[in-house]
Amino acid sequence: MQSLIGTGVALITPFKKDFSVDTEALTRIVNFQIDNGIDYLVVLGTTAESATLTSAEKELVIQTVIDANKNRLPLVLGVGGNNTLQVVEELKTRNINDFVAVLSVSPYYNKPSQEGIYQHFKAIAEASPLPIILYNVPGRTSSNMLPSTVIRLANDFKNIVAIKEAAGDIVQAMKLIQHKPKNFLVISGDDMVTLPMVLAGGAGVISVIGEGFPKQFSDMVRLGLNRKVDEAYALHYELADAIDMIFEQGNPAGIKEVFKALGLCENVVRLPLVNVNEDLANRLQQFVKKVNN
């Protein structure tokens, strides 16, 4: 899928100080991405704090992004969970006509076997009206979707078209790239190894740092895809410290502090997440000033 090549961003859900969804800020953030070269938007991923949103709030976020986007960029919708039947039901009942693909995380907490992961995504593939991006993030799910399982799914189901690979393991990513079917996309889900993955044959990234620094990060990915290695690495090293900082005290607390420094939204997160401390907030604010000078 050409629409998934390049830089996608996992949009946050901005909140007002009373913890309600800030639709005006979300509109500003969508426009900020589009104006600065991002290729597609991911709605209601884990960075959106979707675990703490009500059904009504999820619908509000979806509609706000659709309205703000105005069909300018492809949209991907996060639909995942550790209850397979519930995910299948959501895919059958939710209106997803405005989206080009679904991003679905490997089941968390349950710690299924590789066969269990395969059967989970088999059920989702058979139910989904849209192409599916698998999402492997062992640091959050407590299980690693092995390359052999991913390749098996990619070969068995034509609508499983990509994986967001966030194991942070470049060797595992290279095995996926080496053995994948021809048109299957390996997308980085780890900002720090995005460029090495792209240069190894990856298709791009679904990023967190990219939404705070969309021009620099999307330029880096574009340069990497065009094999302009030195220029791409110059941008990578320009942003590397910020990548560490935004995840230092949890996501999306770090990136929300970046957005606050940019004047796009408040730095409000919902419990059990809490704001970054004053030291990290100051360091992020200074970084934003330095990059944007």
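Since this is a predicted model, take the numbers as computed values, not measurements. Heavy-atom basis, side chains included; hydrogens, waters and symmetry copies ignored.
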Spell out, as yes or no, whether a donor-acceptor pair under 3.5 Å connects the side chain of [X] to the backbone of [Y].
{"X": "R72", "Y": "N69", "result": "yes"}
{"X": "N275", "Y": "N267", "result": "yes"}
{"X": "N36", "Y": "F32", "result": "yes"}
{"X": "E57", "Y": "T54", "result": "yes"}

Is any side-chain heavy atom of [Y] closer than 4.5 Å to one of [X]?
{"X": "M197", "Y": "I170", "value": "yes"}
{"X": "V268", "Y": "K16", "value": "no"}
{"X": "I255", "Y": "K260", "value": "no"}
{"X": "I187", "Y": "I163", "value": "no"}
{"X": "N136", "Y": "P138", "value": "yes"}
{"X": "R270", "Y": "F19", "value": "yes"}
{"X": "V150", "Y": "H179", "value": "no"}
{"X": "L280", "Y": "E257", "value": "no"}

For the residue pair [X] and [Y], what are the closest heavy atoms and their distance?
{"X": "P147", "Y": "L176", "result": "CA-CD2, 3.7 Å"}
{"X": "M145", "Y": "I117", "result": "SD-CG2, 3.6 Å"}
{"X": "K92", "Y": "A127", "result": "CE-CB, 4.1 Å"}
{"X": "A200", "Y": "I177", "result": "O-CG2, 3.4 Å"}
{"X": "V269", "Y": "A253", "result": "CG1-CA, 4.0 Å"}
{"X": "L53", "Y": "A48", "result": "CD1-O, 3.9 Å"}

So, taking the atom named [atom1] in [X] and the one named [atom2] in [Y], what distance separates them when rounded to the nearest 0.5 Å?
{"X": "D191", "Y": "I246", "atom1": "CG", "atom2": "CD1", "answer": "5.5 Å"}
{"X": "L41", "Y": "L11", "atom1": "CG", "atom2": "CG", "answer": "5.0 Å"}
{"X": "M220", "Y": "L225", "atom1": "CE", "atom2": "CG", "answer": "9.5 Å"}
{"X": "K289", "Y": "L262", "atom1": "NZ", "atom2": "CG", "answer": "12.0 Å"}
{"X": "S50", "Y": "L44", "atom1": "OG", "atom2": "CG", "answer": "6.0 Å"}
{"X": "I62", "Y": "R94", "atom1": "CD1", "atom2": "CZ", "answer": "4.0 Å"}

Donor-acceptor contacts under 3.5 Å from residues 98-112 side chains, at least two apart:
| from | atom 1 | to | atom 2 | distance (Å) |
| --- | --- | --- | --- | --- |
| S104 | OG | V79 | O | 2.8 |
| N110 | OD1 | N82 | ND2 | 2.8 |
| N110 | ND2 | N82 | O | 3.3 |

Assess the side chains of [X] and [Y]: does a donor N or O sit below 3.5 Å from an acceptor N or O?
{"X": "E115", "Y": "Q119", "result": "yes"}
{"X": "N277", "Y": "D279", "result": "no"}
{"X": "Q114", "Y": "T149", "result": "yes"}
{"X": "D18", "Y": "S20", "result": "yes"}
{"X": "Q286", "Y": "N282", "result": "no"}
{"X": "N144", "Y": "Q172", "result": "yes"}
{"X": "S188", "Y": "T194", "result": "yes"}

Could you tell me whether [X] atom [atom1] has more than 12 heavy atoms of other residues or ligands within 6.0 Å of it?
{"X": "Q86", "atom1": "CD", "answer": "no"}
{"X": "M1", "atom1": "CE", "answer": "yes"}
{"X": "D35", "atom1": "CG", "answer": "yes"}
{"X": "E126", "atom1": "CD", "answer": "yes"}

In terms of hydrophobic clustering (I, L, V, M, F, W, Y; side-chain heavy atoms under 4.5 Å; direct or indirect links), are [X] and [Y] co-clustered?
{"X": "L199", "Y": "V205", "result": "yes"}
{"X": "I132", "Y": "I96", "result": "yes"}
{"X": "V229", "Y": "F217", "result": "yes"}

Checklist entry - Does the distance from a Lys or Arg side-chain N to an Asp or Glu carboxylate O, for K256 and E211, drop under 4.0 Å? => result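 Answer for the salt bridge query: no.
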
Checklist entry - Parallel, tilted or perpendicular for F157 and Y118, by the 30°/60° rule? => result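 Ring orientation of F157 relative to Y118: tilted.
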
Checklist entry - Between F287 and F213, does the ring centre distance come in under 6.0 Å? => result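 Between F213 and F287, which both carry aromatic rings, the centre distance is below 6.0 Å.
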
